[in-house]
Amino acid sequence: MWVDIDNSPHVPFFLPIVEELQNRGIEVMLTARAAYQVCDLIRLFSMPCKVIGRHYGKNKLLKVLGNCLRAAELLPVAIARRPDLAISHGSRAQVLACKSLGIPTLVMHDYEHSTKTGFIEPSWILMPHVIPNNVMSRKTERVLKYKGLKEDVYVPQFRPDVSILSRLGLDPENLIVTLRPPATEAHYHTRESELLFKETLHFLSKQPNLRIVVLPRSVLQNEQIRKDWADLISGGRVVVPEEAVNGLDLIWFSDLVISGGGTMNREAAALGVPVYSIFRGKLGAVDKYLAESGRLVLIECIQELETKIRLNRWKRPTRPDNGSGAVLESIVNSVVSILENRRPASDSVVSDRSRQSKPTPNISC
């Protein structure tokens, strides 16, 4: 089986999946794209992986050309090893390469508003049960579901490492906030998210006895944050890690998390840490589910920074309530079923009506 890692969150996500597949006697080859912090995290988790291709920025034309170029770069690997199944969490280049070679593909998704690729649709799609079937593919019989979140795959294996505090120079006596900027190079990025991030940092910087750890998503974003917020960084109010860190460790020892959407929000929700989303793109079914169940608070405008965010110390349990590992088993069972029978197996393949997204309001109430 061929696993292609396309983005930073996919490194911890695929680590237990690869280990479980190998435990079941399946040979796995790994490739990755040099995008965001993928290479740093591969080294952090000691994950043997061949890095092929890179990210081409937020320009849509360059994105398309970049995916085509990377697909061509992946072809020699696919031809040499001829995998029985290719799997990713949204790697368009892998699907395109496999399409030309007749290799079956399984693509996972947890955000239904990602750009659809039409003619390079994968053989199977696997996603959380809260996402409607028909929003990701016209071939609903090829849509598989698992009950839970993507983050439930690796959170059960998490064991907190308190050394994260000393390594970042953080005093546990202070209130610690982890702040993740929006994905400015993603196709779903909005200007409102960027403005709301800046206002959030202004708001937090005015609070006494509070330290802010900012986790940039890319080298360019890192450089921009260090330039724009140099005074807060030099004054010790804002900490920007010099190297990749285990995000779960940082989340666990934070009192709250504020993020521009995506994985970090859901990791915090999975761990029970208070979390606020400043994402202003189209809200996905997973975030709707978390917000409706009270595990995620949506910040929709500047005024809500003061009215919704609770700057209180989190009453941290002695250890995480990691869950059962059922999501990992469900995903691996689906993969093995496809490998063995070329037919999908899923916890849920029931039809569902797609939900209509509400218009995105301005960040000012």
Side-chain angles (χ1 to χ4, degrees), residues 1-7 9-31 47 78 81-92 94-95 97-99 102-112 114 116-117 120-157 263 266 270 284-286 289 322-352 354:
M1 195 188 76
W2 171 21
V3 172
D4 188 42
I5 296 173
D6 193 63
N7 202 348
H10 307 161
V11 179
F13 171 71
F14 274 115
L15 186 60
I17 292 174
V18 169
E19 290 177 350
E20 182 59 27
L21 287 169
Q22 290 173 333
N23 289 339
R24 299 193 189 193
I26 297 171
E27 182 182 357
V28 181
M29 72 172 186
L30 290 167
T31 56
M47 204 171 184
R81 301 295 297 276
R82 206 71 191 187
D84 297 294
L85 178 67
I87 181 173
S88 72
H89 204 287
S91 172
R92 297 177 180 87
Q94 188 195 49
V95 175
C98 290
K99 197 83 170 179
I103 297 171
T105 52
L106 170 65
V107 172
M108 301 188 203
H109 287 286
D110 64 349
Y111 181 62
E112 68 270 28
S114 58
K116 307 301 186 296
T117 49
I120 57 169
E121 189 169 305
S123 309
W124 291 279
I125 291 174
L126 180 59
M127 60 189 188
H129 69 289
V130 297
I131 300 178
N133 288 351
N134 55 349
V135 298
M136 293 307 301
S137 174
R138 296 184 301 272
K139 302 175 181 177
T140 55
E141 72 278 4
R142 291 285 172 149
V143 175
L144 293 73
K145 298 278 191 87
Y146 58 89
K147 294 180 180 178
L149 308 179
K150 172 180 101 265
E151 292 70 26
D152 293 328
V153 168
Y154 54 95
V155 165
Q157 301 183 1
T263 298
R266 298 164 190 177
V286 171
Y289 162 73
N322 295 122
S324 64
V327 175
L328 172 61
E329 183 177 4
S330 174
I331 288 176
V332 172
N333 285 342
S334 293
V335 173
V336 171
S337 175
I338 292 173
L339 279 170
E340 292 179 345
N341 309 310
R342 295 294 190 270
R343 295 177 61 188
S346 174
D347 286 345
S348 174
V349 196
V350 297
S351 61
D352 203 346
S354 59

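These numbers were taken from a predicted model, which means no experiment stands behind them. What's counted below: heavy atoms across the whole structure, side chains too, no hydrogens, waters or symmetry copies.
Put simply, the side chain of M108 does not reach to within 4.5 Å of the side chain of H10, judged on heavy atoms. Contact check for V332 versus L21: side-chain heavy atoms found under the 4.5 Å cut-off. The shortest side-chain heavy-atom distance between V286 and R266 falls under the 4.5 Å cut-off. The closest side-chain heavy-atom distance from D6 to S88 is not below 4.5 Å. Inter-residue side-chain proximity for I5 and F14 is flagged as met; some heavy-atom pair is nearer than 4.5 Å. No side-chain heavy atom of M1 sits less than 4.5 Å from a side-chain heavy atom of V18. Within the 4.5 Å cutoff, side-chain heavy atoms of P83 are placed close to those of M29. Counting heavy atoms from C-beta outward, V153 and I17 have side chains that approach closer than 4.5 Å.
For L15, the side chain to side chain contact (heavy atoms under 4.5 Å, CB included) partners at least two apart in sequence or on another chain are E19, F45, M47. Scanning for side-chain hydrogen bond (donor to acceptor under 3.5 Å, both in side chains) contacts around T31 gives W2, D4, with sequence neighbours left out. The side-chain hydrogen bond (donor to acceptor under 3.5 Å, both in side chains) check on E329 picks up nothing, with sequence neighbours excluded. With sequence neighbours left out, R24 forms a side-chain hydrogen bond (donor to acceptor under 3.5 Å, both in side chains) with E20, N333. Residues meeting the ring pair (Phe, Tyr, Trp, His ring centres under 6.0 Å) test with H109, sequence neighbours left out: none. Judged as a side chain to side chain contact (heavy atoms under 4.5 Å, CB included), and not counting sequence neighbours, the contacts of T263 are P9, K150, E151, Y154, E267.
In this structure, the ring of H129 has its center no less than 6.0 angstrom from the ring center of Y146.
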Step by step, work out the side chain to side chain contact (heavy atoms under 4.5 Å, CB included) result for D110 and M127. CA-CA 6 Å; D110 64 349; M127 60 189 188; over 6 Å; no
For K145 and N133: C-alpha separation, side-chain torsions, deciding distance, then whether side chain to side chain contact (heavy atoms under 4.5 Å, CB included) applies. CA-CA 9 Å; K145 298 278 191 87; N133 288 351; 2.6 Å; yes
Full working for salt bridge (Lys or Arg N to Asp or Glu O under 4.0 Å) between R92 and E121: CA-CA 9 Å; R92 297 177 180 87; E121 189 169 305; over 6 Å; no
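Between the CG atom in D84 and the CD1 atom in I26 there is a gap of 9.5 Å [rounded to 0.5 Å]. Note: L85 CG to I103 CD1 = 9.5 Å, rounded to the nearest 0.5 Å.
No salt bridge links K147 with D152; every basic N to acidic carboxylate O contact stays at or beyond 4.0 Å.
Pairing each heavy atom of V155 with each of A270, the nearest pair is CG2-CB, 4.1 Å.
Across S123, P122, C98, a single residue satisfies side chain to side chain contact (heavy atoms under 4.5 Å, CB included) together with P104, and that is S123. A side chain to side chain contact (heavy atoms under 4.5 Å, CB included) with I87 is found for exactly one of I331, T105, V335, namely V335.
Remark: side-chain polar atoms of E112 are paired, donor with acceptor, to backbone N or O of A285 under 3.5 angstrom.
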